[in-house]
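Notes follow once the structure below has been shown.
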Amino acid sequence: MGIFDKFKRGLEKSRDAVFGKLTGLFQGRKLDDSVFDELEEILIAADVGVDTAVWLVGRVKQAAWRERLVDTVRLPNLLQMAMEEALAGVDSRMRTAETGPSLYLIVGVNGVGKTTTIGKLARRYRDQGKRVILAAADTFRAAAIDQLVIWGERAGCDVVRHGPGADPAAVVYDAIMAARSRSMDVILCDTAGRLHNKGNLMAELAKIQKVASRELPGAPHEVLLVLDGTTGQNALNQAKAFQEVVSVSGIALTKLDGTAKGGVILPIVREYGIPVKWVGLGEDIEDLEIFDPAAFSAAVCQP
Amino acid sequence: MLEGLSNSLQKALGKLRSKGKLSEDDVAQAMREVRLALLAADVNVKVVKDFVDKVRERAVGQEVQRSLTPGQQVVKVVYEELTQLMGGQQARVRMAAVSPTVVMLVGLQGAGKTTAAAKLALSFRSHEHRPLLVAADIYRPAAIDQLQVLGRQIDVPVFSMGADVDPVKIVEAGKQEAIRQGADVMIVDTAGRLHVDTELMDELARILQLVPADELLLVVDAMTGQDAVHVAEAFHEKLSLTGVVLTKLDGDTRGGAALTVRAVTGCPIKYVGLGEKIEPLEAFHPDRMASRILGMGDVLSLIERAQQTLDMDKAQEMEGRLRKAEFTLDDFREQLQQVRKLGPLDQIVKMLPGVNKLKGLDNLQMDESKLQRIDAIISSMTKQERSDPGLMNASRRRRVALGSGVTVRDVNQVLNQFEQARQMMKQFSGVGKRMGNKRAALQSLKSMPGFSGLSNPAELMVGKENPLLPGPGDAVGPRRHHKKKRR
């Protein structure tokens with residue numbers, strides 16, 4: 001299945017629920033201000049946020065003027081172009097270490113799907129023939145370590161872990177040592193979910209990053225912020241706060257198989273310039289895709 | 001919590017407050033800003049529309065226009081409509097006539113069901129119930145372990161049958177087990193599921209057919225965006241929910257989901273969860289939340305919390321000593337410990353009226369470790385020194401500093417703080433000779449450094465510290481407000 005189809009399939013529900021309205025809006029209407037007002041509302045209802053919705057509608061309006069449109073037939077294409085523009089410059093490749101293991105730090109607030117995303121990433125790298133080791137640095141939440149161990153078994157890789165309540169930075173340290181001695185290619189570090197407004201927990205994250213970069217030059221090679229696709233405008237606050245503490249290098253957007261369509265990535269990419277690298281489209285270990293701005297925009301806009 | 005919404009709404013309404021007369025343009029402008037504030041807070045588009053229409057209608061109506069302070073009346077209208085939108089009154093949990101009462105938690109993945117289940121069990125236990133937790137999430141890896149660990153932490157039994165049994169069977173057997181143990185409340189933790197996943201939604205329906213729930217609570221992440229509507233509608237349609245639990249409200253979310261979910265399903269929000277630390281879930285009070293959103297603080301919740309956690313006998317005993325001016329360092333430390341029991345300081349402070357208007361408080365980390373240090377310093381003193389701080393000469397101060405691992409300056413600071421507190425006590429001790437319990441709790445609070453601004457709670461709710469809301473029957477009270485602070 002091509003990536004476009006997979007996106008389309010995953011996003012089907014959202015298009016029905018939210019963007020399905022687009023089709024209705026675009027059908028057989030004269031192009032006037034009420035169409036643009038409705039378009040703006042639909043975009044806001046897709047979590048795009050007021051500012052970015054206004055911006056997108058402005059772009060569509062301009063293009064429509066330029067093309068001297070009188071009906072709405074071409075609007076989906078124009079919206080798609082505007083979205084692609086908003087997402088332009090997204091480079092979804094993962095940075096790797098020149099030699100030795102690449103360390104990827106996975107961060108995010110509680111319950112967004114960090115551990116699940118790690119399971120899926122692990123499987124993906126294993127399938128590419130890479131040697132993967134997992135670091136269970138969520139030592140806080142009850143049974144989080146067990147959860148990662150189960151994902152490790154499913155993906156077929158080892159898990160470095162300490163007991164509950166241990167220092168997460170120490171777990172990461174041990175994982176780096178283990179990765180060196182077993183010549184691993186990829187280290188995936190799970191971290192405890194933390195709300196971005198808890199200063200002490202964010203400081204803990206900074207410590208993990210510090211330890212990683214001290215023990216492994218260039219690490220972390222990627223800091224992935226996991227965002228729940230159903231999250232609203234608060235995702236902007238999350239991106240900003242994590243960005244400030246651990247310089248997030250990419251976003252993994254999860255739970256896109258529901259009716260929410262993660263419209264919030266548009267303002268995030270546009271305002272903070274953090275690229276979206278992965279999207280989670282389901283609960284199976286295979287349901288993780290590389291983000292493709294064109295496919296995403298097309299899947300959303302085209303009937 | 002909800003500071004963002006609070007700030008932007010206050011800004012939108014602030015311009016109205018000072019106006020003696022409201023033109024239609026003024027109202028229209030304010031309503032536009034209210035609309036944007038609500039949309040930015042993820043309140044559903046349609047809900048926002050209805051809300052703004054209602055407020056606008058009332059704002060241009062007689063009730064407001066004829067009052068002498070129309071601007072403040074609009075704020076009052078917004079407050080009332082917000083309260084209404086969130087359900088009006090506090091909704092209580094429905095208990096079954098024949099125990100066990102079955103409480104089932106459902107929701108999307110990662111909403112916080114398992115944590116909420118444990119917290120709920122703790123709430124029930126603190127109300128003298130005997131809860132049993134039932135682990136029916138067989139899908140997420142280690143979900144059952146998580147519930148078991150939490151159960152052990154709070155000392156509540158957990159019933160599980162492993163991950164290879166049909167959840168329907170687990171819940172059925174769980175009910176038998178609850179009856180056998182004599183548990184009067186059974187809390188079922190179900191797997192997270194998408195509302196569009198027909199198979200899993202059917203599974204819930206099957207469970208409910210065999211074991212009807214007295215309370216079927218939808219657990220909603222307060223950070224959820226516009227999609228909250230679809231989720232709530234779908235769950236409600238399929239399963240007829242009885243209420244909502246709102247989680248992760250300790251973040252900086254604007255919590256529009258709270259407003260949306262209640263508005264589209266008509267189900268009351270029964271509990272709110274704050275954080276992953278297992279503490280009892282808090283009951284949801286729409287009026288108090290509305291007052292928090294409008295920056296009026298939530299002194300009632302604070303006092304209630306104080307009543308629950310502070311030791312009244314000790315407080316009264318201390319008060320007696322105060323009156324005889326016998327306040328010692330031991331008492332000082334006792335007070336610090338009691339305030340720490342109230343919860344994280346930053347949460348407490350945000351319940352105070354007007355506090356969220358202070359600039360930069362968002363970034364202020366209330367430093368719990370400072371309290372610990374004070375504790376250590378006082379612990380390093382001898383009994384004699386503690387009861388008579390006047391003894392503390394330079395050499396004693398040096399010894400205490402060494403003993404508690406701080407500098408002499410820190411010791412001096414603590415002694416100064418103590419002296420200030422003692423002075424403050426003297427001033428207060430004349431007040432309130434016949435204090436009821438509420439007053440007593442407040443009294444012990446306000447004697448704390450930093451809480452000294454607290455006076456009579458009724459005054460705080462409507463008084464000079466609170467420029468936003470006219471007092472009850474106080475439509476004609478502009479003079480009381482003429483000193484309000486502006487930013």
Side-chain angles (χ1 to χ4, degrees), chain A residues 13-14 16-18 41-42 44-51 53 109-113 115-116 119 140-151 153-154 164 192-200 228-235 237-238 241 254-255 257-264 283, chain B residues 4 35-36 39-46 48-49 108-112 114-115 118 139-150 152-153 192 194-197 221-231 234 247-248 250-257 275-276 278 346 362-363 365 368:
Chain A
K13 307 259 170 39
S14 64
D16 292 350
V18 184
E41 221 156 76
I42 291 171
I44 290 174
D47 288 323
V48 167
V50 176
D51 292 348
V109 303
N110 317 60
V112 288
T115 311
T116 308
F140 177 71
R141 205 199 71 205
I145 301 174
D146 303 328
Q147 191 182 344
L148 191 70
V149 167
I150 294 174
W151 277 109
E153 280 165 17
R154 286 187 192 170
R194 64 202 75 220
L195 287 175
H196 46 290
N197 58 347
K198 301 275 155 86
N200 48 345
D228 181 333
T230 49
T231 305
Q233 299 308 300
N234 192 250
N237 300 13
Q238 295 174 21
T254 61
K255 306 188 196 174
D257 46 336
T259 46
K261 275 331 128 208
V264 74
E283 286 191 299
Chain B
R35 176 174 171 269
L36 288 179
L39 283 177
D42 293 322
V43 184
N44 173 260
V45 178
K46 205 175 153 289
V48 172
K49 224 181 208 165
L108 300 181
Q109 294 94 337
T114 309
T115 306
Y139 302 102
R140 182 167 59 102
I144 297 176
D145 298 344
Q146 187 185 351
L147 196 66
Q148 277 167 340
V149 172
L150 293 175
R152 265 200 303 279
Q153 272 174 23
L194 284 172
H195 50 295
V196 288
D197 187 330
D221 181 338
M223 294 180 283
T224 311
Q226 298 279 344
D227 198 43
V229 189
H230 305 121
V231 176
T247 60
K248 307 187 203 171
D250 51 333
D252 59 354
T253 169
R254 301 185 180 187
E276 208 154 7
I278 304 299
D346 46 350
D362 297 348
N363 308 321
Q365 287 298 323
E368 304 268 326

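Residue numbering restarts at 1 for every chain, and letters A, B, ... go by the order of the sequence lines.
Within the 4.5 angstrom heavy-atom criterion, no atom of I144(B) approaches chain A. Of the atoms belonging to K49(B), it is side-chain heavy atoms, and not backbone ones, that fall under 4.5 Å from chain A. For chain A, the nearby part of R35(B) is the side chain; its heavy atoms alone come within less than 4.5 Å. At a 4.5 Å heavy-atom cutoff, R194(A) makes no contact with chain B through either its backbone or its side chain. Neither the backbone nor the side chain of V264(A) comes within contact range of chain B; no heavy atoms are under 4.5 Å apart.
Contact between K255(A) and Q109(B) at its shortest, heavy atoms only, is NZ-O, 2.7 Å. The two residues A142(B) and Q147(A) make their nearest non-hydrogen contact at CB-N, 3.4 Å. For the pair V149(B) and A142(A), the tightest heavy-atom approach, listed with the atom from each and the gap, is CG1-CB, 3.6 Å. Annotation for D257(A) and V196(B): closest pair O-CG2, 4.1 Å, computed over non-hydrogen atoms.
With chain A as the partner, the residue from P141(B), A111(B), A41(B), G110(B) showing the most heavy-atom pairs under 4.5 Å is P141(B). The residue among V229(B), D197(B), L150(B), T224(B) with the most heavy atom pairs within less than 4.5 Å of chain A is T224(B). In terms of heavy-atom pairs under 4.5 angstrom with chain A, the leader among V45(B), N44(B), T115(B) is V45(B). Annotation: maximal heavy-atom pairing with chain B below 4.5 Å, among N237(A), V50(A), T116(A), occurs at N237(A).
Legend: residues meeting side chain to side chain donor-acceptor pair (under 3.5 Å) with D146(A), ordered by chain and number and at least two apart, are absent. Residues passing the salt bridge (charged side-chain N to carboxylate O under 4.0 Å, His left out) test with D221(B), sequence neighbours excluded: K248(B).
Atom CZ of R140(B) sits about 10.0 Å away from atom CD1 of I150(A), to the nearest 0.5 Å. Atoms CD1 and CG, from I145(A) and D145(B) in turn, are 11.5 Å apart once rounded to the nearest 0.5 Å.
Counting heavy atoms from C-beta on, the side chains of N110(A) and M223(B) never come closer than 4.5 Å.
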